[in-house]
Amino acid sequence: MWDYQKTLQYPIRIQNPNPLYAKIIQSQYGGPDGELGASLRYLSQRFTMPTRELQGLLTDIGTEELGHLEMVGTIIHQLTRNLTAQEIKQSGFESYFVDHTAGVYPASSAGVPFTAAYLQSKGDPVTDLFENMAAEQKARTTYDNILRLVDDADVRDVIKFLREREIVHFQRFGEGLRLLTDRMNEKNFYAFTPGVDQPVTLNG
Amino acid sequence: MNRESIKYRFMAVRFMIWDLHLYLDTHPDDAQAAQLLRQYESQYSELLREYEQKYGPLTAGETGYGDAWLQPAWPWDLTKEGC
């Protein structure tokens with residue numbers, strides 16, 4: 001279970017509303033490489049992780065991703081306050097507004113609703129850890145793209161923090177993968193499914 | 001310290017604990033990192049107690065219920081005491 005703490009992981013104080021920026025950043029809420037997919041991916045995969053380190057790592061990173069989901073939602077919420085009809089139409093936000101008003105909804109920037117097809121839980125820890133490392137890099141690229149498109153200092157500061165966390169998580173997943181392969185037969189890392197076909201403690 | 005600076009200090013210490021915690025998931029035998037985490041942990045407890053005594057509960061549970069929990073700013077609010 002989880003306890004809720006009434007703080008963000010990193011402070012967010014966006015002074016200037018901007019619905020176009022909200023629409024761009026939306027993708028990290030419910031898009032293909034967003035925080036919702038990240039949290040569900042790790043929190044689902046952890047059940048079949050074969051070592052205590054990996055069970056802990058996926059629980060913890062999955063938990064942090066829920067905090068990031070809250071942060072991205074907060075960015076969108078603060079960017080879409082006090083909008084006039086004219087601002088909504090001029091910014092290209094009207095296609096979002098007509099369905100959701102200023103509600104925070106998990107969809108991509110292009111309006112595609114969130115789907116579990118964005119993630120996999122394969123039951124093979126080597127496969128899952130490679131997916132997770134790729135996922136962190138894809139999210140890092142998306143944050144880089146956001147930084148190319150957004151020039152508001154209050155927003156960029158938070159996006160840079162989130163981008164940095166993708167790099168830290170990539171590093172931790174890489175270490176987790178190494179801890180796993182250290183315990184496997186080095187001639188057969190990819191020859192079978194460690195979670196099912198062979199116990200991962202094959203070499204003791 | 002005013003409300004904003006104690007909150008930011010609290011968040012910074014909390015983040016240090018979290019990041020060390022993640023590091024220790026893959027380096028469980030690193031005694032130096034564990035020691036550092038414990039140092040931040042004692043700062044965290046003090047800051048949390050100070051904040052909650054002055055400004056209300058941050059965690060749902062023993063102290064966080066009713067109006068004391070509901071009325072102060074929520075993390076997404078853009079107010080001076082927000083985030």
Side-chain angles (χ1 to χ4, degrees), chain A residues 1-17 46 49 51-65 67 69-82 104 129 154 158 161 164-165 168-180 182, chain B residues 2-30 33-34 37 44-45 47-52 54-83:
Chain A
M1 70 160 290
W2 282 263
D3 283 342
Y4 186 70
Q5 194 171 58
K6 255 177 122 174
T7 55
L8 298 175
Q9 194 186 24
Y10 186 86
I12 301 176
R13 303 281 297 277
I14 296 167
Q15 299 301 334
N16 302 311
R46 67 194 168 128
M49 281 292 148
T51 71
R52 291 300 189 213
E53 290 93 341
L54 289 167
Q55 289 160 4
L57 189 66
L58 269 75
T59 299
D60 290 337
I61 297 182
T63 298
E64 184 176 341
E65 305 293 12
L69 184 72
E70 181 180 45
M71 285 177 63
V72 176
T74 297
I75 296 172
I76 296 165
H77 175 63
Q78 294 189 4
L79 282 171
T80 53
R81 68 189 194 277
N82 305 326
V104 178
L129 287 166
D154 294 340
V158 184
F161 172 86
E164 188 66 29
R165 298 309 291 162
V168 172
H169 292 171
F170 180 82
Q171 170 77 24
R172 296 281 100 86
F173 280 131
E175 292 160 355
L177 179 62
R178 190 195 61 205
L179 288 171
L180 177 65
D182 281 352
Chain B
N2 65 21
R3 183 177 186 140
E4 194 174 25
S5 52
I6 183 176
K7 183 84 176 278
Y8 280 15
R9 181 74 196 140
F10 167 80
M11 289 168 81
V13 170
R14 185 169 181 261
F15 177 73
M16 285 308 298
I17 292 170
W18 179 256
D19 206 33
L20 283 162
H21 173 80
L22 273 194
Y23 172 84
L24 285 159
D25 280 345
T26 50
H27 305 78
D29 300 326
D30 189 331
L37 191 151
Y44 173 85
S45 309
L47 285 162
L48 179 63
R49 193 168 50 241
E50 189 183 343
Y51 184 93
E52 290 194 323
K54 285 185 182 168
Y55 305 114
L58 285 180
T59 305
E62 199 184 335
T63 55
Y65 60 89
D67 272 349
W69 170 249
L70 298 171
Q71 298 305 329
W74 286 82
W76 51 88
D77 288 344
L78 187 73
T79 60
K80 236 185 153 27
E81 69 272 22
C83 80

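The sequence lines fix the lettering, A, B, ..., with proteins before strands; numbering per chain opens at 1. If you're wondering where the values come from, they're calculated on a predicted model, not measured in any experiment.
- The side-chain heavy atoms of His27(B) and Glu53(A), taken from C-beta on, include no pair separated by under 4.5 Å.
- Looking only at heavy-atom pairs under 4.5 Å with chain A, the residue among Leu24(B), Thr26(B), Thr59(B) that has the most is Thr26(B).
- Between Ile12(A) and Trp76(B), the closest side-chain pair of non-hydrogen atoms is not below 4.5 Å.
- Shortest non-hydrogen contact noted between Glu4(B) and Arg13(A) is OE2-NH1, 2.8 Å.
- Contacts between Trp69(B) and chain A at a heavy-atom distance below 4.5 Å involve backbone atoms as well as side-chain atoms.
- A search for side chain to side chain donor-acceptor pair (under 3.5 Å) contacts involving Glu70(A) returns Tyr4(A), not counting sequence neighbours.
- Of the two parts of Gln78(A), only the side chain, counted from C-beta on, holds a non-hydrogen atom closer than 4.5 Å to a non-hydrogen atom of chain B.
- With Asp25(B) as reference, Leu57(A) is the one residue of Leu54(A), Leu57(A), Leu58(A), Thr59(A) to meet the side chain to side chain contact (heavy atoms under 4.5 Å, CB included) rule.
- Of all the heavy atoms in Thr7(A) and Pro75(B), the pair that sits closest is N-CG, 3.8 Å.
- No donor-acceptor pair closer than 3.5 Å links the side chain of Lys6(A) to the backbone N or O of Gly64(B).
- Between Glu64(A) atom CD and Phe15(B) atom CZ the span is 6.5 Å, to the nearest 0.5 Å.
- For a residue to count as touching a neighbouring chain, one of its non-hydrogen atoms must lie under 4.5 Å from one of that chain's; by this rule Arg81(A) touches chain B with the side chain only.
- With chain B as partner, the option from Glu175(A), His169(A), Arg178(A) having the largest number of non-hydrogen pairs under 4.5 angstrom is Glu175(A).
- Closest approach of Asp60(A) to His21(B), counting heavy atoms only: OD2-NE2, 2.7 Å.
- For Arg172(A) against Leu22(B), the heavy-atom pair with the smallest separation is CD-O, 3.4 Å.
- Using a 4.5 Å cut-off between heavy atoms, Phe10(B) contacts chain A through its side chain alone, with no backbone atom that close.
- For chain B, the nearby part of Phe161(A) is the side chain; its heavy atoms alone come within less than 4.5 Å.
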